[in-house]
2 protein chains.
Amino acid sequence: MAVGPTLGRRLPVMADVAKEAGVSHQTVSRVLNDHPNVRSETRTRVLEAIDKLGYRRNLVARALVTKRSRTLGVVSFDTTLYGPASTVYGIEQAARSAGYFVSIVSLKSIDKGGVRDALDYLADQGVDGVVVVAPQRSAAQALADLPLGIPTVAVEGGQAGEVSVVCVDQIAGGRLATEHLLSLGHETVWHVSGPSDWLEAEGRVAGWRAALEQAGREAPQPLAGDWSPRSGYEAGRSLARMKNVTAVFVANDQMALGVLRAFTEQGVRVPGQVSVVGFDDIPESAYFSPPLTTIRQDFDAVGRHSIEVLVRQLEGGLEERQRLVVPPTFVPRVSTARV
Amino acid sequence: MAVGPTLGRRLPVMADVAKEAGVSHQTVSRVLNDHPNVRSETRTRVLEAIDKLGYRRNLVARALVTKRSRTLGVVSFDTTLYGPASTVYGIEQAARSAGYFVSIVSLKSIDKGGVRDALDYLADQGVDGVVVVAPQRSAAQALADLPLGIPTVAVEGGQAGEVSVVCVDQIAGGRLATEHLLSLGHETVWHVSGPSDWLEAEGRVAGWRAALEQAGREAPQPLAGDWSPRSGYEAGRSLARMKNVTAVFVANDQMALGVLRAFTEQGVRVPGQVSVVGFDDIPESAYFSPPLTTIRQDFDAVGRHSIEVLVRQLEGGLEERQRLVVPPTFVPRVSTARV
DNA sequence: CACTAAATTGTTAGCGCTAACAAGACCTCA
DNA sequence: TGAGGTCTTGTTAGCGCTAACAATTTAGTG
């Protein structure tokens, strides 16, 4: 029988390949899905037909019948910031290499409604699972309260109810910074914290406090910032006015930049008079004046792990929720010195 | 006839709603799609049934028959960087408010194969259109050469063949920076450029050169960087050694940070001895030492416009390709001064 | 070599939805 | 009052794929 593939403008479908290869469409499907019981000669014939026609499988149709879209959703807060951006980047890379597409929802503000809407939105789209980057208590709370229809992993999500969590050990980070400063002989360590509704900020405060307590030192009143350089600048001006400040642990690098700026303006030498430690290790911090000693968060690892956990949950069947903690690392530079 | 919706664990489908409301599934479909010819009483009944059953339409099935997924693809290079991250953020916000989902592919390196693979990948997923953030010449070239099956918009993509382009006027930006420095009385302006295969870098060089030429000044040899603070630092060390340098236009803020660092180390005062202008206006630059005069790119607007163009192309039928240019703005701070 | 087990292929149904057509209800106006 | 229209709803088909089962061929065994 003469083979004549329909050549309209229409993209070829499985039936066209089947006709071309002289088999049934099901056999084509089997080849595409690496089904074991296909004669290797048949397989080659099908593969050739696919190649010849430039056939590409319609994943939407596939998703309809398998009820799996091989798409993962990501909900994040302001992906303009370095941390979330890096985490999402790690997630995307890991997801893609695990064979999943990534659909993103980037929230302007995280409140319960926002998180729920985002989750609904992604569920509508038919994602197989979701990663929620939930650094604020409100987001973690929203997640804990929500009746989740789909497998979910929270990043930086505290002890978020039913879902698995992947996070950086913020407490350890706070300790690392504080202990470093104490080891240099500073009597005590001041702290510029992040906004109080962020779990990360809270963890860093806790680590700082714990380290001071362990060393038998009084913890001064922390100064609250909002992660922005501007708030760090303001905190820095306050600190510069105090005479007994010799060491400051700032909850992120951007605020540390503001602190450094304020100190420079007020003629406070770093690290001559005051030592400063930041948090995050953004690419710029090595070129601050002076280069900033900081605590590095491996955002990439966090992203990767979150996908690992999610995919295992998706493909490995019903696994109980996990909690994966990524350790931070200490990055010494020149903004800290002995008293 | 007694109404009894099947209540297994199974999610309700359109037929369930139809049964509940005592209509045909097609009528439910019509209500959902705002079809005009539905009696308002029927509509209410259907809506009630939907509400009662908690029905949500299966968008995958819908996509299969309509051949539209209401998903847009985004291909970008390293979304960890501030520029791409902000652009993608703008794209995502705009797409969502236009009723589209966003699927992201973030490339580690942009070569022709990478762009093609990403495009294929997204096409497989069934996206309706694609935004390619193609700041490198290689990416723009790849895009120009590719036989595109789906509507595409290039961001920062030069004169990219067949596709519409949305970009910031880099030449104007380069001029703005240079003219500002000249207006302060500097004899000439040095330049630390971005990598030569980036269109943005090229545009800034061109603007800088044009401004110098127009003022009848000699253009010194530009120093090539790679956008990183480290490369700016190295360029800064070179510049610090030259005696006749009084003004430098650096192609991005991160490199400018490196330049400032090098100057500080070498005891070169900014803006006392040398004036520096950056590019991008990253959030940190207002807190550099000294706060950086720079050229602001409205990434958000670029993202929004790219979606506008794409959606118009998608929904408004076959429109010819466009070129939309977003002007940069001058942000004066303290790193520049009169000679 | 008959006879079962395994490998290989084909056939049929249906995922949940929308498009296209068909049919009945209701209206208009000569 | 009845031919022609408009509104409203229902019926049927099919998007492109995989699952389940049926049918066929091939291999394996005493």
Side-chain angles (χ1 to χ4, degrees), chain A residues 1 5-6 8-47 49-50 53-71 123-128, chain B residues 1 5-6 8-47 49-50 53-71 123-128:
Chain A
M1 195 123 297
T6 317
R9 206 101 216 78
R10 184 177 62 89
L11 289 168
V13 299
M14 208 173 256
D16 299 323
V17 176
K19 202 172 181 187
E20 174 75 26
V23 296
S24 75
H25 63 137
Q26 182 58 258
T27 298
V28 177
S29 172
R30 278 192 271 256
V31 169
L32 252 21
N33 292 319
D34 283 322
H35 204 89
N37 297 337
V38 177
R39 197 147 46 101
S40 78
E41 191 228 290
T42 310
R43 181 186 308 278
T44 346
R45 205 139 38 87
V46 169
L47 256 18
I50 287 175
L53 300 181
Y55 168 75
R56 321 219 67 184
R57 160 161 63 179
N58 182 327
L59 295 184
V60 173
R62 181 181 156 88
L64 178 61
V65 49
T66 60
K67 299 185 184 312
R68 306 223 130 209
S69 60
R70 295 207 71 84
T71 298
D124 273 0
Q125 198 196 1
V127 297
D128 295 344
Chain B
M1 195 126 294
T6 317
R9 219 89 239 58
R10 183 177 62 89
L11 288 169
V13 298
M14 206 172 256
D16 300 323
V17 175
K19 202 171 180 187
E20 174 74 25
V23 296
S24 76
H25 65 138
Q26 182 58 259
T27 298
V28 177
S29 172
R30 278 192 270 255
V31 170
L32 252 20
N33 292 320
D34 283 322
H35 204 89
N37 296 338
V38 177
R39 196 148 46 102
S40 78
E41 192 229 289
T42 312
R43 182 186 306 278
T44 342
R45 204 138 40 86
V46 169
L47 256 18
I50 286 174
L53 300 180
Y55 169 75
R56 321 218 67 182
R57 160 160 63 179
N58 182 328
L59 294 184
V60 173
R62 181 182 158 88
L64 177 60
V65 49
T66 59
K67 299 187 185 312
R68 306 221 131 209
S69 61
R70 294 206 71 84
T71 298
D124 273 0
Q125 198 196 358
V127 297
D128 295 342

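Just so it is clear, the values below take in all heavy atoms, side chains as well, and ignore hydrogens, waters and symmetry mates.
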Chemist: Taking the side chain as C-beta and beyond, is there a heavy-atom pair between L59(B) and R70(B) under 4.5 Å?
Modeler: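 L59(B) vs R70(B): side chains apart.
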Chemist: Rounded off to whole Å, could you give me the NE2-to-C1' distance for the H35(B) and dG10(D) pair?
Modeler: 13 Å
Chemist: Can you check nucleotides 14-17 of chain D for protein contacts, nitrogen or oxygen pairs under 3.5 Å, and list what you find?
Modeler:
unit_1	atom_1	unit_2	atom_2	d
dC15(D)	O3'	K67(B)	NZ	3.0
dG16(D)	OP1	K67(B)	NZ	3.2
dC17(D)	OP1	Y55(A)	OH	2.3
dC17(D)	OP1	N58(A)	N	3.1
dC17(D)	OP2	M14(A)	N	2.6

Chemist: Considering every strand and a 4.0 Å limit on heavy-atom distances, what is the contact class for S24(B): base, sugar-phosphate, or nothing?
Modeler: base
Chemist: Please state whether the phosphate of dG10(D), meaning OP1 or OP2, lies under 4.0 angstrom from any side-chain nitrogen or oxygen of T27(B).
Modeler: yes
Chemist: What I'd like to find out is whether the side chain of I50(A) reaches to under 4.5 Å of the side chain of L32(A), using heavy atoms alone.
Modeler: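 Yes, close enough: below the 4.5 Å cut-off.
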Chemist: Between P on dT9(D) and CZ on R30(B), what's the gap in Å once rounded to a whole number?
Modeler: 8 Å
Chemist: What residues form a side-chain hydrogen bond (donor to acceptor under 3.5 Å, both in side chains) with R43(B), not counting sequence neighbours?
Modeler: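 Counting only residues at least two positions away or on another chain, R43(B) forms no side-chain hydrogen bond (donor to acceptor under 3.5 Å, both in side chains).
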Chemist: Can you measure D34(A) atom CG to dT18(D) atom P for me and round it to whole angstrom units?
Modeler: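 Rounding to the nearest Å, CG of D34(A) and P of dT18(D) are 12 Å apart.
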Chemist: Can a donor-acceptor pair be found, under 3.5 Å and without considering hydrogens, that links the side chain of S29(A) to the backbone of H25(A)?
Modeler: no
Chemist: Out of curiosity, H35(B) NE2 to Q26(B) CD, how far, rounded to the nearest 0.5 Å?
Modeler: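 Reported value, rounded in 0.5 Å steps: 8.5 Å.
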Chemist: Which of these passes side-chain contact (heavy atoms from CB on, under 4.5 Å) with V28(B): V23(B), V38(B), N33(B), T42(B)?
Modeler: V23(B)
Chemist: Of the residues in residues 36-44 of chain B, which ones touch DNA chain D at a heavy-atom distance under 4.0 Å?
Modeler: N37(B), V38(B), R39(B), T42(B)
Chemist: With sugar-phosphate meaning primed atoms plus P, OP1 and OP2, does V23(A) contact a base, only sugar-phosphate, or nothing at under 4.0 Å between heavy atoms?
Modeler: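 Since only primed, P, OP1 and OP2 atoms lie under 4.0 Å of V23(A), the category is sugar-phosphate.
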Chemist: Closest approach of A49(B) and A21(B), non-hydrogen atoms and distance?
Modeler: CB-CB, 3.8 Å
Chemist: Report yes if the side chains of V13(B) and N58(B) come closer than 4.5 Å at any heavy-atom pair, otherwise no.
Modeler: no
